[in-house]
Every structure is written in C-alpha cells, then in structure tokens.
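Computed from a prediction, not measured in an experiment: that's the story for all the values here. The basis for the numbers below is simple: all heavy atoms, side chains too, and nothing from hydrogens, waters or symmetry mates.
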There are 2 protein chains.
Amino acid sequence: MSRPALHAAVLDAVGRAITSGDVPPGTPLTLEAIGAVHGVSRTVAREVMRLLEGLGLVRSKRRVGLVVLGMSEWNVLDPRVIRWRLAGPGRDDQLRTLTELRHAVEPLAAAGAATHATAEARAELLDLAGRMRVLGSHGDLAEFLALDVRMHELLLRSSGNEMFGALADVVAEVLTGRTRLGLMPPAPVPEALDQHEKVARAVADGDPGRAEATMSALVGEVRRTLSSGA
Amino acid sequence: MSRPALHAAVLDAVGRAITSGDVPPGTPLTLEAIGAVHGVSRTVAREVMRLLEGLGLVRSKRRVGLVVLGMSEWNVLDPRVIRWRLAGPGRDDQLRTLTELRHAVEPLAAAGAATHATAEARAELLDLAGRMRVLGSHGDLAEFLALDVRMHELLLRSSGNEMFGALADVVAEVLTGRTRLGLMPPAPVPEALDQHEKVARAVADGDPGRAEATMSALVGEVRRTLSSGA
DNA sequence: CATGGACCATTGGTAGCATCTTTCGCAACA
DNA sequence: TGTTGCGAAAGATGCTACCAATGGTCCATG
C-alpha cells in the first residue's frame with residue numbers, strides 16, 4: 001500500500017455506497033461533504049465525482065450538488081460497476097443477467113476464435129484445459145479460477161472481434177465474483193472439465209460450429225446451475 | 001444547452017485525437033502540454049485525463065506523464081469511444097465488429113422481450129413497425145432512423161436483462177453512425193421492413209423462439225450487406 | 001562495464017479565491 | 001389568497017500557487 005491511490009479508495013467507497021443502494025437515487029451529494037467524510041480535499045473529491053459521472057452514477061448540477069442517478073442510468077457493463085454490484089445486494093440478479101450476456105456472446109466468440117486464433121493461442125487453450133483437469137482433481141479453487149479466467153479471456157480476445165475482447169474483463173469479474181461468493185462447487189464438476197476441453201479442442205481444430213455449440217452448452221449449463229442453485 | 005462544458009470539449013478533442021491514431025500509443029502527454037494546447041488550466045486537464053484513464057485511453061505514470069495506451073486497452077464498448085471511432089478511420093472495421101456484437105445479443109434480447117415486455121411496449125413495437133413501413137415508401141431517412149433506433153432500444157430495454165438494455169446506447173450509435181456515413185440504401189429494402197414487422201409481431205404474440213430467429217435473420221442480413229457492400 | 005546515488009521533471013494532493021448558475025425565500029402586488 | 005419578481009446564498013466550475021512523492025536519467029565511482 002505504498003501507493004497513495006487516494007481517489008481509488010474514495011471512488012471505491014462512494015461507488016459501493018451508491019450501487020448498493022445505501023444512498024438512494026435523488027440524493028444530493030456535495031463535494032464538501034464527500035471530502036469531509038473521506039478526509040480528502042475538494043480537488044480529489046471532484047475528480048472522483050467526474051469518474052462517477054462518467055460511469056453514470058451521478059449527474060452534477062449547479063447549486064444543487066451531485067445527484068445520485070437511478071439504476072437505469074448506470075454504466076452496468078463497466079467492470080468497476082460490476083464488481084461493486086457483485087459485492088452488494090442483488091448479486092444474484094447480477095449474476096443471472098451477466099450469465100445471459102455470456103450466453104449470447106461467448107458461443108459466437110468461440111466460433112470466431114476457431115477461425116481467427118493464432119497457433120500459440122490454440123496451443124495455450126489446449127494446455128489450459130489440460131491443467132484445469134489436473135487441478136480439478138486436486139481441488140485448488142484459487143488456481144483453478146485463474147486458469148478458468150485465462151481460458152475465457154483468451155477465447156474472447158482471440159475471437160477476431162475486439163468488442164468480444166472487451167467483454168473479457170466482464171467475464172473475469174463474473175468468474176472471480178462467483179468464486180468469491182462461494183457459489184462454486186468445492187471441486188469442479190467433471191462435465192465442466194469435459195466441456196472446457198471440448199471447446200479447446202474444437203478451437204484448436206478450427207471447427208467454428210463445434211466450438212460455438214460446445215460453448216453454448218457450457219454457458220447454458222452454468223445458467224441452469226445458477227437459476228436452480230440460487 | 002449553453003453549458004460551460006469546458007472539459008467536455010477538451011475531452012472530445014483529446015479522445016478523438018487518440019482514437020483516430022493521430023497520437024500513437026506510447027506517446028507521453030503532460031498535463032502542462034494539454035492545458036497549453038487547449039487553453040485550459042492544469043486542473044481541468046487533470047480531470048480530463050482522469051476521464052480518459054477511466055476509458056482506458058491513457059495511463060498516468062509519475063515523472064513520465066500520461067502514456068497513450070494501445071487499442072487493446074481501450075474501453076471500446078463505451079458509447080463515447082464508439083462515437084469517436086466511428087468518426088475516424090477504421091469505421092468500417094468498427095461497424096463490422098459492432099454488428100457482430102448485435103448479432104450475438106439482439107436475438108436473445110428479442111426472445112427476452114417476447115416473454116418480459118409490458119403490454120405498452122408490445123403495442124408500441126407494432127406501432128413502430130407499422131410507421132416504419134409507411135415511412136419506408138416515402139423515403140424519409142432521418143425519421144426512419146429515429147423509428148429504427150427507438151424500436152431496437154425498446155426491444156433491448158424490454159428484454160428483462162439490464163445488460164442488454166445497456167447496449168441500447170451502443171446500437172443507437174451504430175444505427176445513427178451507419179446512416180450518417182451514408183451506408184444505408186436511399187430507401188429501406190422491403191425485406192428489412194418485413195423482418196422488423198415479423199419481430200414486432202413475434203414479441204407481441206409472446207413467441208420467444210420466433211422472435212429470436214427473426215431477429216437473428218434481420219441482423220444477419222445487415223451483417224451480410226455490410227461485408228459485401230464495404 | 002556495472003552499480004549506486006543524486007538530480008529533477010511530472011504527477012498526486014492541498015488550499016484558497018473568483019465567478020457563474022440555479023434555486024430558494026421573501027416581499028410586494030393583484 | 002395566489003402570483004410575480006427580486007435578491008441572497010449555495011454549491012459547482014475554474015484558476016493559481018504550493019508542497020510532497022516518485023521514478024527516470026545520468027553521472028561518478030568502484
């Protein structure tokens with residue numbers, strides 16, 4: 001923590017407070033108050049508020065201060081907003097909607113990767129799937145998560161579409177959030193391992209159709225588990 | 001809107017300069033320089049840079065200034081970034097990737113709307129489709145665009161998934177950008193009108209499968225036209 | 001040639017001031 | 001009583017000036 005990272009802390013605090021609903025929409029905040037509460041000067045409070053304005057959490061109006069906006073105005077796809085909301089109430093709904101988004105995007109991304117990925121990426125995918133299987137039987141959740149994140153990120157970024165690639169951060173947030181919230185089984189289920197391996201193989205083989213179908217099945221499984229488990 | 005909007009102007013200028021590639025990745029900017037170029041104080045330059053940092057366009061490093069980041073770090077899903085990039089070079093690629101994203105998301109959103117949309121939304125969808133047909137024969141592009149944007153926005157926001165809803169801004173940017181760039185036929189093709197009407201009817205009837213399939217066909221058509229036309 | 005330390009440019013953060021817009025309250029008037 | 005208009009105040013916007021921290025750069029020394 002040698003870094004000042006002062007507004008990072010304040011940004012996090014205020015962002016959490018808003019997204020959790022602790023400060024309801026319509027509440028007017030003032031820079032003075034924010035600065036005082038967090039023991040920080042008006043300048044940094046201003047910068048934080050600018051950031052929050054960029055995320056659609058507040059809108060600054062003269063004479064009245066910074067008004068907290070409603071959920072419909074939020075930039076819900078921004079990783080920061082996602083992280084805050086995953087830590088607050090409504091995380092179940094959050095996971096559901098994000099998983100639906102994954103279901104829309106990841107199959108097409110896998111298909112894209114099957115035709116566009118570099119040779120290195122294909123090799124790394126196979127390697128990752130193999131290591132996931134090994135780790136799966138040992139049951140080290142943290143390391144397994146890292147591999148899982150890496151694999152989905154690699155797929156999305158290899159899809160040949162940077163829009164899909166931009167969603168890698170989102171998917172990473174979802175996966176880590178799911179683990180952090182204890183929504184993962186203590187040891188990965190064998191089907192999940194199989195499907196990850198199948199996807200990796202389909203991409204390595206350059207078979208877009210199989211990659212898409214398998215990935216769709218994979219995320220569909222996650223979606224089913226979510227809605228039944230929660 | 002006689003807003004001061006001082007940093008809005010500077011933000012726009014610098015954002016455009018970076019996304020257009022005029023200032024290549026790795027270039028170090030200093031607050032001092034930005035302030036001087038745009039005739040603005042260091043304070044506002046700092047706030048602008050904070051915003052740009054939030055968009056992933058720059059990373060601030062001490063002693064060295066603000067380093068312009070590469071495209072892979074950009075927040076390419078942010079409407080501001082999209083608008084900037086649609087105005088610069090590479091707009092064709094931009095439209096392609098965004099249309100692929102639409103192809104992933106909009107069918108599922110339409111299916112969601114078929115089960116979740118309110119009665120008012122269903123009625124408005126039918127009304128919109130009808131008016132698009134009327135306008136289509138008259139050939140008023142601007143008004144047609146407004147209806148088109150409204151219809152897609154309504155579908156996405158009625159999908160019961162706020163993540164899809166958040167993409168309404170993106171789709172709106174794409175549609176208006178496509179028209180602004182003159183990539184639309186002078187008069188809407190009859191098939192597009194048919195498909196919009198079919199989607200509206202499927203949603204109104206509460207038939208998710210038909211809504212999804214029809215929307216997929218619609219966006220697929222757009223995608224095909226794009227890749228052949230450009 | 002490597003290494004360590006001093007220098008200094010540039011961001012991070014604070015303080016205080018002037019300005020401008022918008023809202024609120026109060027008073028005057030119909 | 002209800003409405004209009006004016007003044008005051010609150011709070012964002014923007015500026016300048018200042019100090020602290022930090023991490024490249026570069027030179028001197030082994």
Side-chain angles (χ1 to χ4, degrees), chain A residues 1-18 22-70 73-75 80, chain B residues 1-15 17-18 23-70 73-75 80:
Chain A
M1 298 284 237
S2 60
R3 294 250 185 68
L6 227 174
H7 41 295
V10 180
L11 178 68
D12 233 53
V14 182
R16 274 206 165 77
I18 294 179
D22 280 353
V23 287
T27 309
L29 305 173
T30 74
L31 294 178
E32 206 88 39
I34 291 293
V37 166
H38 296 84
V40 111
S41 79
R42 270 199 356 265
T43 307
V44 49
R46 249 160 56 169
E47 286 175 6
V48 167
M49 283 313 189
R50 278 276 186 257
L51 261 302
L52 291 176
E53 202 176 4
L55 294 178
L57 298 197
V58 302
R59 178 187 305 288
S60 109
K61 295 201 69 157
R62 280 204 160 157
R63 153 78 201 200
V64 63
L66 295 112
V67 183
V68 177
L69 296 178
E73 308 286 337
W74 298 352
N75 221 329
R80 281 165 295 190
Chain B
M1 292 304 190
S2 63
R3 289 247 193 74
L6 220 172
H7 42 294
V10 181
L11 178 68
D12 232 52
V14 182
I18 294 179
V23 287
T27 309
L29 305 173
T30 73
L31 295 178
E32 211 84 41
I34 291 293
V37 167
H38 296 85
V40 111
S41 82
R42 218 177 76 108
T43 307
V44 49
R46 247 161 57 166
E47 286 175 6
V48 167
M49 283 313 191
R50 233 15 123 216
L51 261 300
L52 290 176
E53 202 176 4
L55 293 177
L57 297 197
V58 303
R59 178 186 304 289
S60 104
K61 295 198 70 152
R62 279 194 162 166
R63 155 81 202 199
V64 63
L66 294 110
V67 183
V68 176
L69 297 178
E73 308 285 337
W74 298 352
N75 221 330
R80 280 166 295 192

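Checked by atom type and distance alone, the side chain of A:R80 pairs as donor or acceptor with a backbone atom of B:G54 at under 3.5 Å.
If B:K61 and B:V44 are placed on DNA chain D by their nearest nucleotide, the residue sitting closer to the 5' end is B:V44. Nearest-nucleotide positions on DNA chain D place A:L31 closer to the 5' end than the other of B:R46 and A:L31. A residue-by-residue look at A:S41 and A:V64 shows that A:S41 has its nearest nucleotide of DNA chain C further toward the 5' end.
Side chain of B:S60, nearest nucleotide from C:dG12, D:dG14, C:dG13: C:dG12.
Rounded to an integer number of Å, the gap from B:I34 CD1 to C:dT11 C1' is 14 Å. Look at CD on A:E32: it is 13 Å from P on C:dC17, rounded to the nearest Å. In this structure, CZ of B:R62 is placed 8 Å from C1' of D:dA20, rounded to the nearest angstrom. One atom, CZ of A:R59, and another, C1' of C:dT22, lie 16 Å apart when rounded to the nearest Å. Rounded to an integer number of Å, the gap from CD of B:E47 to P of C:dG12 is 13 Å. In this structure, B:L6 atom CG and C:dT19 atom P are separated by 17 Å, rounded to whole Å. Remark: P of D:dA12 and CG of A:L29 are 9 Å apart, rounded to the nearest angstrom. Computed from coordinates, the A:H38 NE2 to C:dG12 C1' distance equals 18 Å when rounded to whole Å.
Annotation: the span from B:L31 atom CG to B:S41 atom OG amounts to 10.0 Å, rounded to 0.5 Å.
A salt bridge links B:R46 with A:E47; the closest basic N to acidic carboxylate O contact falls under 4.0 Å.
Two residues are said to be in side-chain contact when any heavy atoms from C-beta on lie closer than 4.5 Å; B:T27 and B:V67 fail this criterion.
Residues meeting the salt bridge (Lys or Arg N to Asp or Glu O under 4.0 Å) test with A:R63, sequence neighbours left out: none.
Using a 4.0 Å cut-off, some side-chain N or O of A:H7 falls inside it from OP1 or OP2 of C:dG13.
Among the heavy atoms of the strands lying under 4.0 Å from B:R50 are primed sugar atoms or P, OP1, OP2 only; no base atom is included. Residue contacts for B:T30: at a heavy-atom cut-off of 4.0 Å it reaches the sugar-phosphate backbone alone, with no base atom in range.
A donor-acceptor contact under 3.5 Å is not formed by the side chain of B:R63 with the base of C:dG12.
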